[in-house]
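Below is one structure; the comments refer to it alone.
Keep in mind it's a predicted model, so treat the numbers as computed, not measured. Just follow the structure's listing: the first ligand is 1, and inside any ligand the first atom is 1.
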Amino acid sequence: MLGSRNLREIVEKNLDKLQEDLSVKIDKKNPDKIHAIEATGCTRFAYYERRDPLPSDNVSKISSLLGNAMRHSFGNTRGEYKVEGLSLEVNADLIIADEFVVRFEVVQTLPEVPHPRHLLYLNACLFAFNKDEGFLIYMTAEGKTVEFSVTKNNRMFEEVIRRARVLSTLLKDGKAPIVEPSELCLNCRYYERCYARKQVKDEGTGFILEEIFKPKK
Ligand code: SF4
């Protein structure tokens, strides 16, 4: 008979398989091929994912599954931009009328301005597909959306190439990139590799506050 433990193992195995099938394909053994998702996010995270990965927890597995499943349902076109021995790879969610590149981002709350890393990513897609304009569409689980139009920008692309090159070099040298403090760190599985963390136990004594606010002698 199927026990609850076996059932959980079967579900987890299938989730892992699905995640592998749907996730962005990155040639992790080739440091001359960098995916734009690696270069526009935290490069230290990308380094750990290639060199010394930790398993992802169920919450991040499921949220990346939902995002990736949606991207695949739209077409998920792959492209690349080659520059002096480096290949920058991209995946666009949708190309409309052979003219506009579209990228979707699933978020909890709609942003008022686009996130810089999403702008950099979409701009890299414009270069890889040789298009001039794209749309960044944010959507929530409740179906609310907001769109931003993005036009091709050389300076933003140079920054992505620079970051891809740094990651490529550090992968070859076996050195982790520097810590990039951002909101991504809060839910990152490599948090403890980047930041020393020691929880201070107050245990209701008010010791820390007393020390801070005690009158100076
Ligand atoms: S904790 Fe922050 S700096 Fe460290 S790998 Fe994660 S996102 Fe990057």
Parallel, tilted or perpendicular, as decided by the 30° and 60° cut-offs, for the rings of Tyr190 and Phe45
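Judged by the thresholds at 30° and 60°, the geometry between Phe45 and Tyr190 is perpendicular.
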
Ligand 1 atoms in contact with Cys188 (distance to a heavy atom under 4.0 Å)
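Close to Cys188: 1 (S), 5 (S), 6 (Fe), 7 (S).
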
Which of the numbered atoms in ligand 1 are under 4.0 angstrom from any heavy atom belonging to Phe45?
5 (S)

Regarding [X] and [Y], does a basic nitrogen lie under 4.0 Å from an acidic carboxylate oxygen?
{"X": "Glu158", "Y": "Arg155", "result": "no"}
{"X": "Glu89", "Y": "Lys33", "result": "yes"}
{"X": "Arg117", "Y": "Glu183", "result": "yes"}
{"X": "Arg163", "Y": "Glu180", "result": "yes"}

Which residue and atom name correspond to the protein heavy atom nearest [atom], and how close is it?
{"atom": "atom 8 (Fe) of ligand 1", "result": "Cys42 SG, 2.3 Å"}
{"atom": "atom 2 (Fe) of ligand 1", "result": "Cys185 SG, 2.3 Å"}
{"atom": "atom 3 (S) of ligand 1", "result": "Glu180 N, 3.4 Å"}

At a threshold of 2.8 Å, where the distance has to be below it, does atom 4 (Fe) of ligand 1 have an N, O or S atom of Cys194 nearby?
yes

